[in-house]
Protein chains: 2
Amino acid sequence: MLDTNINQAGPDSAPEATERERGGLREELLQTAVDLFAARGFKGTSIRDIAKTLGVSVSVIYHYFGNKEGLWSAILDYSVKGLPARLEAALAGGGHALERFRRVLRAHLAASAHYQKESKIFLIDYDRMSAAGDQASKAIQKRVLDVYVGILEEMQAEGLVKSAQTKILAFNVLGVVNWYLRWYRPDGPLAPEEVYEEIVTFVLYGVIGTPPGRN
Amino acid sequence: MLDTNINQAGPDSAPEATERERGGLREELLQTAVDLFAARGFKGTSIRDIAKTLGVSVSVIYHYFGNKEGLWSAILDYSVKGLPARLEAALAGGGHALERFRRVLRAHLAASAHYQKESKIFLIDYDRMSAAGDQASKAIQKRVLDVYVGILEEMQAEGLVKSAQTKILAFNVLGVVNWYLRWYRPDGPLAPEEVYEEIVTFVLYGVIGTPPGRN
DNA sequence: TGCAGTCCAGAACGATCGTTCGATAGATGT
DNA sequence: ACATCTATCGAACGATCGTTCTGGACTGCA
């Protein structure tokens, strides 16, 4: 057997095309892992499942990511790890409190839609990782919560929010957003913007408790 | 070795106390499994973990539940499988639409608090079970959703709800309730009733979009 | 030409998984 | 007294898990 490493397809395929050149095996691994983790969970997905889906050896995963947790970490790196900064940026811009709250919420919804599977993975498995609980994952959750608690306290100081339990309000907002990425299907009947508007309205009325002004 | 099956504690323990008599091993297994499943997930918990926690052999799990999925099923049997009927009962009572909606929501919150870990297990793993997706679990989710969609459509017909997207509203409600059982800690500073009131208010304002009448 | 570095396959390792099986101690019924 | 049933143990099975290792093909640089 001389050609163990030659692409097995034969004459009709491009003569040289090791996975890497034809699009980056690393990215293919990430995408496949996201799909499988989202469908079966971290523990429910073996690295052999991922490798077999792409028709490659399991070694490539260790080559690119070190181990299985490294793969998980790499997924979070490009997706949810940027969420807190994104929300904090939306918060920092100008405008009155209500306007900024709305902007944060929209940014959150947009990020959840864009990294839907990644966020789902994160939310489902984040408190089951690395035995003692992944520290970084907990920090992400906390920073997101703090953004909401902060803006809600501002709104409360301005009399826009009547409830004193801003933390519970923040949890409720998180519940709506995090549930959204579990039920939303991009091929549904409504345009993404319509869904956003519906959710933003629900949350705004929920926290404010009275119809917001025309803007 | 003559005494392999005698309780190993010796003279200071009650002379006969096979686990079953001293409280029902079956119930102890269920409780232990709930704790571990909630903490590490279904796939992340081995039957040896469960057996070892109680200091018994793995065979007892097969004796009482047939296999690992039977254990999962038994947990759902006494907890979340009764949820749809409970909500439908709350819905069926008298009163106007808003009153019934509030009653359903309260029943849902109470059930989620009472079977907190069981509900958490159900929500996290329900779409990863038995390869093709557990049919019964999906049916539970659907019946709960239908209760909310139904009452919301009633409220919409009465002009209480302005949005036409009752399904999205229902999802939002489910998001709040299902997130509640992830963050709520019974030993927190607030009494359960205060938390309920806070959440009910948030949801009501969210779906109605205007301050509800005094009752 | 040689040599180091990168990329990948395939076999193998020990651990752990869900599950099965025979044995046994005690309770129950005849 | 004997047979049956229930509850439990401990050992074992094959499968699968995450991970490691060896080696080969290729690239880039001296």
Side-chain angles (χ1 to χ4, degrees), chain A residues 1-9 14-30 32-33 36-37 40-74 125 128-131, chain B residues 1-9 14-30 32-33 36-37 40-74 125 128-131:
Chain A
M1 304 305 178
L2 311 148
D3 57 347
T4 52
N5 199 22
I6 312 299
N7 25 350
Q8 69 284 26
E16 71 282 305
T18 149
E19 307 283 336
R20 170 171 157 269
E21 339 184 32
R22 74 148 216 265
L25 178 52
R26 202 188 118 100
E27 269 62 36
E28 289 189 87
L29 286 168
L30 283 173
T32 305
L36 293 181
F37 285 164
R40 315 178 195 168
F42 181 78
K43 286 274 189 179
T45 305
S46 76
I47 59 170
R48 281 179 179 81
D49 288 337
I50 300 169
K52 199 167 297 176
T53 300
L54 286 174
V56 299
S57 163
V58 295
S59 336
V60 296
I61 293 177
Y62 291 88
H63 175 65
Y64 285 112
F65 307 105
N67 55 30
K68 196 184 178 187
E69 282 214 17
L71 177 53
W72 156 277
S73 225
D125 285 328
R128 311 193 196 294
M129 293 300 298
S130 47
Chain B
M1 305 307 179
L2 311 149
D3 57 348
T4 51
N5 199 24
I6 312 297
N7 25 349
Q8 70 283 25
E16 71 281 303
T18 149
E19 307 284 334
R20 172 171 157 270
E21 339 184 33
R22 74 148 216 264
L25 178 52
R26 203 187 117 100
E27 269 63 36
E28 289 190 89
L29 285 168
L30 283 173
T32 305
L36 293 181
F37 285 163
R40 314 177 195 170
F42 181 79
K43 286 274 189 180
T45 305
S46 75
I47 60 170
R48 281 178 179 82
D49 288 338
I50 301 169
K52 199 167 298 177
T53 301
L54 286 173
V56 299
S57 164
V58 296
S59 332
V60 296
I61 293 177
Y62 291 88
H63 176 65
Y64 285 111
F65 306 106
N67 55 29
K68 196 184 177 187
E69 281 213 18
L71 176 53
W72 155 279
S73 224
D125 286 327
R128 311 194 197 292
M129 293 300 298
S130 45

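Chain identifiers are assigned alphabetically (A, B, ...) following the order of the sequence lines, protein sequences preceding nucleic acid strands; residue numbering begins at 1 within each chain. On a predicted model such as this, the values are computed, not experimentally measured, just so you know.
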Q: Indicate whether OP1 or OP2 belonging to C/dC17 is found under 4.0 Å from a side-chain N or O atom of B/S46.
A: yes
**Q.** Distance in angstrom units between B/L54 CG and D/dT8 P, rounded
**A.** 11 Å
Q: Check whether the side chain of A/S59 and the base of C/dG10 form a donor-acceptor pair under 3.5 Å.
A: yes
Q. Separation of A/Y62 atom OH from D/dT19 atom P, in whole Å?
A. 4 Å
Q) Tell me: CD1 of A/I47 to C1' of D/dT16, nearest whole Å? A) 11 Å
Q. Which nucleotide, C/dC17, C/dC7, D/dT19, lies nearest any side-chain atom of A/Y64?
A. C/dC7
Q. Can you name the ring pair (Phe, Tyr, Trp, His ring centres under 6.0 Å) partners of A/F42, sequence neighbours left out?
A. A/F37, A/W72
Q.
Among residues at least two apart in sequence or on other chains, which ones pass salt bridge (Lys or Arg N to Asp or Glu O under 4.0 Å) with B/R40?
A. B/D49
Q: Return the value, rounded to whole Å, for the distance between atom NE2 of A/H63 and atom C1' of C/dC8.
A: 8 Å
Q. Excluding sequence neighbours, so at least two apart, what forms side-chain hydrogen bond (donor to acceptor under 3.5 Å, both in side chains) with A/S59?
A. A/S57
Q. For the pair made of CG in A/L29 and P in C/dC8, what is the distance, rounded to whole Å?
A. 9 Å
Q: Just compare D/dT8, C/dG18, D/dT20 and give me whichever is closest to any side-chain atom of B/V60.
A: D/dT8
Q: Only counting residues at least two apart or in another chain, list the ones meeting side-chain hydrogen bond (donor to acceptor under 3.5 Å, both in side chains) with A/T53.
A: none
Short heteroatom pairs, N/O only, protein and nucleotides 12-15 of chain C, under 3.5 Å:
from   : atom 1 : to    : atom 2 : distance (Å)
C/dA12 : N6     : A/R48 : NH2    : 3.2

**Q.** Nearest-angstrom distance from the residue atom CG of A/N67 to C1' of D/dG18
**A.** 9 Å
Q. Can you check side-chain contact (heavy atoms from CB on, under 4.5 Å) on B/I50 and B/L71, steps first, answer last?
A. CA-CA 11 Å; B/I50 301 169; B/L71 176 53; 3.7 Å; yes
Q. Looking at residues at least two apart in the chain, or sitting in another chain, which of them share a side-chain hydrogen bond (donor to acceptor under 3.5 Å, both in side chains) with B/N67?
A. none
Q: Let me know the distance between NZ of A/K43 and P of D/dT16, rounded to the nearest Å.
A: 18 Å
Q: Report the distance from atom NZ of A/K68 to atom P of D/dT16, rounded to the nearest whole Å.
A: 15 Å
